[in-house]
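Below, read A as the first sequence line, B as the second, and so on, with proteins coming before strands; counting in each chain starts at 1.
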Number of protein chains: 2
Amino acid sequence: MQISAKADYAVRVMLELAAHGPDVVKSTILIDHQDLPRKFVETILVDLRRADLVRSHRGADGGYTLARPASAISIGQIVRAIDGPLAEVRGLRPHECEYTNAAEHLAEVWVAARAALRKVLDETSLAHVLNGKLPVHVRRMAGSPEAWLPR
Amino acid sequence: MQISAKADYAVRVMLELAAHGPDVVKSTILIDHQDLPRKFVETILVDLRRADLVRSHRGADGGYTLARPASAISIGQIVRAIDGPLAEVRGLRPHECEYTNAAEHLAEVWVAARAALRKVLDETSLAHVLNGKLPVHVRRMAGSPEAWLPR
DNA sequence: GTTTTTCCCTATCGGGGTAATAGGGATTGA
DNA sequence: TCAATCCCTATTACCCCGATAGGGAAAAAC
């Protein structure tokens, strides 16, 4: 799972948007609050608008709002909008992989890995992250001390 | 999760090795059985040896064997040896990410995602895949029909 | 209706990784 | 000594990533 800088920034910008409730927030505020590279994030915001995750408002007193309530936008949706599919194997979707001989059952492993990822990223919303109350099964995953150790 | 061609090939080559039991198998056999690009895979085999996942035997009648029993080598180990860490966020390990303000709890999500991945890839061995008997929790993940649908 | 603010578009940049091949050198068993 | 096999170093083409520059377009305020 390689979360690009772009996707990481996108999630953070949207969390900041969510924190400002229903208000229209200008990009400068979002960028400063999260300390991100201005010009780069500007292009990300355009991508997020094209993916219908945020709405833009031009002119003086313009800015951005979430396209839907924070509880209806998952982290997975944002990552997918920016980075593409959550899981790929040599450029293919896990379910498209075809294997023979000794590798016959390999696709099942990739599909299981993707399903495990989805269970975390698609079931965690901006609202969950914002107020720190993650879904129980996600909390349990991150709660184990060994989950924080490198391998 | 981006599994590179290199890592995919590596797993397949090692599955093929596992299928030949304790015998020394020459690269040609592995490559032909899985229909892979010869020269490319030759470099992968060197990487696998350096990672101490296979042992090489030179000279006529040379070839490769697994460095350990197939039940003691996980898919996760192979992927890590070739592609590096299972999960990274803008080049950092999930547990190294630091966030402020609205994003304070974001690291927990990334860590949970990594833990979910580990639970599949580190607990599935070459032997599991070879004989098609995946661990129960992995089987349950891949068993759900929706796990095979794109999103 | 002009001005100001803000979003928005296109182009560009260097660096680094990915997939793959070429060509031959080193090693070992027979 | 011979032949098979592994092993090493380069090199290729290509694309993506992170980031910046510079200005154009829209809309609200006055």
Side-chain angles (χ1 to χ4, degrees), chain A residues 1-13 17 20 23-32 34-67 79 81-85 88-92, chain B residues 1-13 17 20 23-32 34-67 79 81-85 88-92:
Chain A
M1 181 189 57
Q2 301 285 78
I3 304 293
S4 66
K6 207 166 172 175
D8 180 64
Y9 296 168
V11 173
R12 287 160 69 182
V13 153
L17 261 183
H20 288 262
D23 300 356
V24 174
V25 190
K26 50 194 63 164
S27 65
T28 305
I29 303 288
L30 304 172
I31 289 166
D32 288 353
Q34 286 295 319
D35 192 29
L36 302 174
R38 172 158 286 103
K39 278 301 202 176
F40 190 34
V41 172
E42 279 182 13
T43 67
I44 296 173
L45 282 163
V46 173
D47 291 341
L48 289 174
R49 181 182 51 80
R50 291 211 183 103
D52 198 38
L53 288 170
V54 304
R55 297 217 192 293
S56 64
H57 308 264
R58 289 192 171 198
D61 270 16
Y64 293 91
T65 57
L66 294 181
V79 171
I82 301 296
D83 278 354
E88 283 189 335
V89 180
R90 39 181 257 271
L92 295 175
Chain B
M1 181 188 57
Q2 300 285 81
I3 303 293
S4 66
K6 206 165 174 178
D8 181 63
Y9 296 168
V11 173
R12 288 160 68 182
V13 155
L17 261 184
H20 286 80
D23 300 357
V24 174
V25 190
K26 50 193 63 161
S27 65
T28 306
I29 304 286
L30 304 172
I31 288 165
D32 288 352
Q34 286 294 321
D35 192 29
L36 301 175
R38 171 159 287 103
K39 278 300 200 177
F40 190 35
V41 172
E42 278 182 13
T43 68
I44 296 172
L45 282 164
V46 174
D47 291 341
L48 289 174
R49 180 182 51 81
R50 294 210 181 105
D52 197 38
L53 289 169
V54 304
R55 299 216 191 292
S56 65
H57 308 264
R58 288 189 170 200
D61 269 16
Y64 293 91
T65 55
L66 293 182
V79 172
I82 302 296
D83 278 355
E88 282 188 335
V89 179
R90 39 181 256 270
L92 294 175

Distance-only donor-acceptor test (3.5 Å): side chain A:E42, base C:dC8
yes

Applying a 4.0 Å non-hydrogen cut-off, can you work out what A:R38 is touching in the nucleic acid: base, sugar-phosphate, or nothing?
nothing

How long is the line joining OH of B:Y9 and P of C:dT18, in whole Å?
14 Å

Length of the CZ-C1' vector between B:F40 and C:dT21, whole Å
11 Å

Tell me, with the steps shown, if B:L48 and B:I82 meet side chain to side chain contact (heavy atoms under 4.5 Å, CB included).
CA-CA 8 Å; B:L48 289 174; B:I82 302 296; 4.0 Å; yes

A:Q2 CD to C:dG16 P, in whole Å, measures 17 Å

Under the 3.5 angstrom rule, does the side chain of B:D83 hit a backbone N or O of B:S4 as a donor-acceptor pair?
yes

Does C:dC7 have OP1 or OP2 under 4.0 Å away from a side-chain N or O of A:S27?
yes

Classify A:R49 by what it touches in the nucleic acid, base, sugar-phosphate, or nothing, heavy-atom distance under 4.0 Å.
sugar-phosphate

In whole angstroms, how far is the C1' atom of C:dC8 from the CG atom of A:D47?
12 Å

Mind checking A:R50 for me? I need base, sugar-phosphate or nothing, with any heavy atom below 4.0 Å counting as a touch.
sugar-phosphate

Chain B contact limits on DNA chain D, taken 5' to 3' with a cut-off of 4.0 angstrom to heavy atoms
D:dA4 to D:dC8

Nucleotide C:dT4, atom P - distance to NZ of A:K26 in whole Å:
15 Å

I want to check something: taking the side chain as every heavy atom from C-beta on, are B:D61 and B:V24 in contact at a cut-off of under 4.5 Å?
no

Would you indicate what A:K39 reaches in the nucleic acid, counting non-hydrogen atoms under 4.0 angstrom: base, sugar-phosphate, or nothing?
base

Is any side-chain heavy atom of A:L30 closer than 4.5 Å to one of A:L36?
no

B:I3 CD1 - C:dA19 C1' separation (whole Å)
16 Å

Is it the case that the side chain of B:R12 and the backbone of B:Q34 share a donor-acceptor pair, with hydrogens and angles ignored and the cut-off at 3.5 Å?
yes

Positive for side-chain contact (heavy atoms from CB on, under 4.5 Å) with B:T28, one of B:I31, B:V25, B:D32:
B:D32

Can you find a heavy atom in the side chain of B:I44 that is under 4.5 Å from one in the side chain of B:V13?
no

Detail all sub-3.5 Å separations between protein N/O atoms and N/O atoms belonging to nucleotides 25-30 of chain C.
residue : atom : partner : partner atom : Å
C:dT27  : O4'  : B:R58   : NH1          : 2.3

